[in-house]
Every structure is written in C-alpha cells, then in structure tokens.
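All remarks here apply to the structure that follows.
Each residue takes its place number in the sequence, starting with 1. We count ligands from 1, going down the list as the structure has it; atoms in each ligand are counted the same way.
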Amino acid sequence: MSNAKGVSASGHEHWGSRLAFVLAAAGSAVGLGNVWKFPYITGENGGGAFVLVYLGCIALIGLPILIAEILLGRRGERSPIGALGNLARREGRSPAWGLVGGLGMLGSFIILSFYSIIAGWALSYIFASGMGTFTGADADAVGAVFSELLASPARLVGWHTAFMVMTTLVVARGVRHGLERAVKLLMPGLVILLIVLIGYAATTNGFGAGIDFLFTPDFSRLSTSAVLVALGHAFFTLSLGMGIMIAYGSYLSPQTSIAGTAVTVVILDTVIALLAGTAIFPIVFANDLTPGAGPGLIFQTLPLAFGAMPGGVVFGTLFFVLLTFAAWTSTISLLEPTVEWLQERGRNRVTAALTAGLGVWALGLVSALSFNEWSEITLFGKGLFDLLDFLTANIMLPVTGLGVALFAGWAMSIASTREELDVSPAIHRLWLVAIRFVAPVAVVVVFLYNLI
Ligand code: TRP
C-alpha cells in the first residue's frame, strides 16, 4: 500500500497515478522511432507486407515482453540489473540473470549516442522552418538543405551537443515532475499535428499511392532481413530490451493493472507510427521521391508539405518542436539506466548524469562524422551510423528481450507471475504461452534465418 507520499511499505517510490506511468512509458516509447524510423524502414522494406509483419511482432512479441518487463520491475523493485538479481535470488535462480540487465544498459548507451544526432536534426529543423527556409521550396531545394546539414561536421556536432545538454540537465535534476507534466501536453499536440499533416497529404495526388504502399501487403517485396528489421523495430519502438520498462515498472503502484497499462502504451505507440506513415508516403509519391530514401526520409518530405500549405511556417515549426519533445522524453529514458547504475556505484545524481552524458556525447561523434568525414569507413557493408543502429536495434535488443522472456516465463514461478499480473486465469495462460514459447521461438527463428 502506498501512503500519501507515494512510498510503499518497502520504502520504494511510486508514480503519482496510473496516468503518470502511462505517460512516462508512452513518452519513452513514442519518439523518433515512430515518426522518423518507422516510415523510413517501411520505405526501405517495400511497404504493406513489412507493416503487417511489424504489427504481428508488436502483438505477439512486443506486448507480452512489455508486460514481462513491467512485471519484473514492479516485483523486483530495483534498477534493471538489481531487479533481475533480486528476483533470481527470491526464486532460487542464478544471480547471473542480472547480466541481461547489464547488456540492456550497454545498448541504451549506444542507442542514445546516435539517437541524439537525429534528435539534433529535428532541433535544427525548428529553426530552419521558423525562418521560412522551406516556403515554396521544391524537392531539390529541400533535399539540399538536408544534405548541407549532413555535410557539416560542425553543425551536426553542435546540434548533437545541444541535445545532449538538454537531456543531461533533465536527468541530473530528476525526471518525474517536469516530465510528467510536459508529456501530458505534448503527446496530444503531436497527434493533432500529424492529423493536420494527413489532411494536407489527402489533398495531394499521391494520397492513393501512399495509402496503398503502406496498407496493401505485397509479400514478394518482403525479404528475410526485413523480418529481422521488423522484429528489431518492435523492440526499439516500445523501448524494450534495455530494462527501461523494468526501471519504470519499479515505480508502479501495486494497485495498477500491468496488462491494461501495457495495452494502452502499445496502442498509443502503434497509432502514432501509422499516422506518421499516412502523413509521409502520400507526400513522397506526389513529389516523385523514393520511399527507400533512408534516414533522411522525413526531413526531405515533410518540409515540402509545410512549404506548400498555408500557415506552413507555423505548422512546420510546431511540428519539429513536438518531434524534438517526443525525442526528448525518449532520450531521458535512454540516459536513465546508465545514470542509475553510476549512482549505485556511489556517484551522486549530478555527477552520474554529467559522466554518462559526456560519455554518450563522445560516442555520438562517431555517428556525426559517419555522415561526412568518415563516410567511406564501412564494416560489413554498412557505414558507422548504420552499423551502430543495426547492432543495437536488430541484435542487442532482441537478445536482451529473449533473456527477459526466458526469465519471466521459465525462471519465475507461475504462482509469482500470476500474483503479480492479477488478471483472469485465461489471460494469464495466454500471456504465459506467449512469453514461454511464442516470443522466444520467434526471436530465435528470425535470428537463425538471418545467419544462414
Ligand atoms: N522507443 C523510442 C522511440 O521509438 C526510443 C527509445 C527510448 C528506446 N528508450 C528506448 C529504444 C529503450 C530502445 C530501448 O523513439
């Protein structure tokens, strides 16, 4: 039971309300993954069939693992490494399970290093739109703005630095208060602006083609590596496989329904990604751009829409403000595990945040330079930025997710998970089948398929 200060009998802090947790979890989940990454990987992987596989991964693997992470966090009442170690001891299992949390933490560090570069692009586009750069611009002019940004190490590093400072400041001060309140305003704002953009997209002559591309599956365009990308993105977009939801779950009050909360987060996240796709692809087809343009996709399409619509300077600026905020609520959650870990090793919160922030910033330089000075450096046919993205999203997240599934499904006793979930026996059984068999088998099969 919590008392008025939201601290349980065991002394662990709790969220102020169910809404607060939903918003924090959704704030972490909804980010560049939805608006930037989902559209561009859908474009690179042929559209509708990829979307269908992605939705399947979300429902069959993402949701059960999200439930598992929140459950482990609430029952373990610790940081990711601590929670798994703690539970393993209580269930009579090896403390080595804590390593799963450690791998996740390393992943969050690497993801943040390149995520901050893209967030920096969003930040710089606030100013570009605000100054009217895109008004009346055609596809070539908009493309030139983007390539000039990428070609300049100084500008990329400058925006990256600004974004890491913003992130570190919030984390250093502790997250809960400012963030909870900000997210309540920002999330609805982002949805409204996406709907405005869809309204514009519907007036272009690419609307039919765009919708068709996104929602009509053509399985001949689906490769096995696309399935790996879809699986990896399901983890990425739900902030899974890094222990973040374990950390957030540890502050969840015992009365709150884990399953209901997880379903809400998944629906919010999925709807925002699909809205983003619906806004973007019509503009791609109306302007003869290629859907497979890669990471630059939204930065080369949406400014066209803003440049052509009445009030585009205002809408465009607002849109990039909201995108920046969506990214910000995610970067905060990405820095948190490393900071928590440094604190557990005796640093105070401010020193921990500055150390972690500086480390991530330095690693981010690699991604910034990979777009210009170091663009020829490739490994396994990928540039450094793509390589870090591939390593984390497509390998580290699923492996950690597999560890979480095995731990929650097999190392935890059925009685423990039943008590913690507190749902009907039928739903508990359904979740158990998903977490014991469906999720682990799917992850392993997708991996083996890509190895051979
Ligand atoms: N889910 C966020 C997005 O879609 C990114 C993110 C935040 C993340 N925290 C994470 C990804 C933890 C993986 C793990 O943009």
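- By the 30° and 60° cut-offs, the orientation of the rings of W36 relative to Y40 is tilted.
- Ring orientation note: the planes of W121 and F385 are close to parallel, at an angle under 30° on the 30°/60° scale.
- Nearest to atom 11 (C) of ligand 1 among the protein's heavy atoms is F236 O, 3.1 Å.
- Proximity to S330 (heavy-atom distance under 4.0 Å) selects the following atoms of ligand 1: 2 (C), 7 (C).
- Annotation for ligand 1: atoms under 4.0 Å from non-hydrogen atoms of G31 are 3 (C), 4 (O), 15 (O).
- For R349 and E336, the salt-bridge test passes: some basic side-chain N is under 4.0 Å from an acidic carboxylate O.
- Listed by first and then second residue, the side-chain hydrogen bond (donor to acceptor under 3.5 Å, both in side chains) pairs that reach into residues 225-234 are S223-S225, sequence neighbours excluded.
- Near N34, meaning under 4.0 Å from any of its heavy atoms, are these atoms of ligand 1: 4 (O).
- L197 is listed as a side-chain neighbour of F306, based on a closest heavy-atom distance under 4.5 Å.
- Without hydrogens or angle criteria, S152 side chain to L149 main chain gives no donor-acceptor distance under 3.5 Å.
- The parts of S239 lying near ligand 1 are both backbone and side chain, judged by heavy-atom distances below 4.0 Å.
- Atom 2 (C) of ligand 1 has its closest protein heavy atom at S28 O, 3.1 Å.
- When each of D389, T237, T42 is paired with K37, the side-chain hydrogen bond (donor to acceptor under 3.5 Å, both in side chains) condition holds for D389 and for no other.
- For W36, the closest heavy-atom approach to ligand 1 does not fall below 4.0 Å.
- Protein heavy atom at the shortest distance from atom 15 (O) of ligand 1 is Y115 OH, 2.5 Å.
- Those atoms of ligand 1 with a heavy atom of T237 less than 4.0 angstrom away are 1 (N), 4 (O).
- In this pair, F236 and Y115 present their aromatic rings tilted. The plane angle is within the 30 to 60° band.
- Residue contacts with ligand 1 do not include S108, since none of its heavy atoms lies under 4.0 Å from the ligand.
- For the pair L32 and ligand 1, the shortest N or O to N or O distance falls below 3.5 Å.
- For atom 14 (C) of ligand 1, the closest non-hydrogen atom on the protein side is M242 CG, 3.1 Å.
- Checking only distances, L397 never comes within under 3.5 Å of ligand 1, N or O to N or O.
- Atom 12 (C) of ligand 1 has its closest protein heavy atom at I244 CD1, 3.1 Å.
- Nearest non-hydrogen protein atom to atom 4 (O) of ligand 1 is A29 O, 2.9 Å.
- Close approach of ligand 1 to S333 is summarised as follows: ligand atoms under 4.0 Å from at least one heavy atom of the residue are 7 (C), 9 (N).
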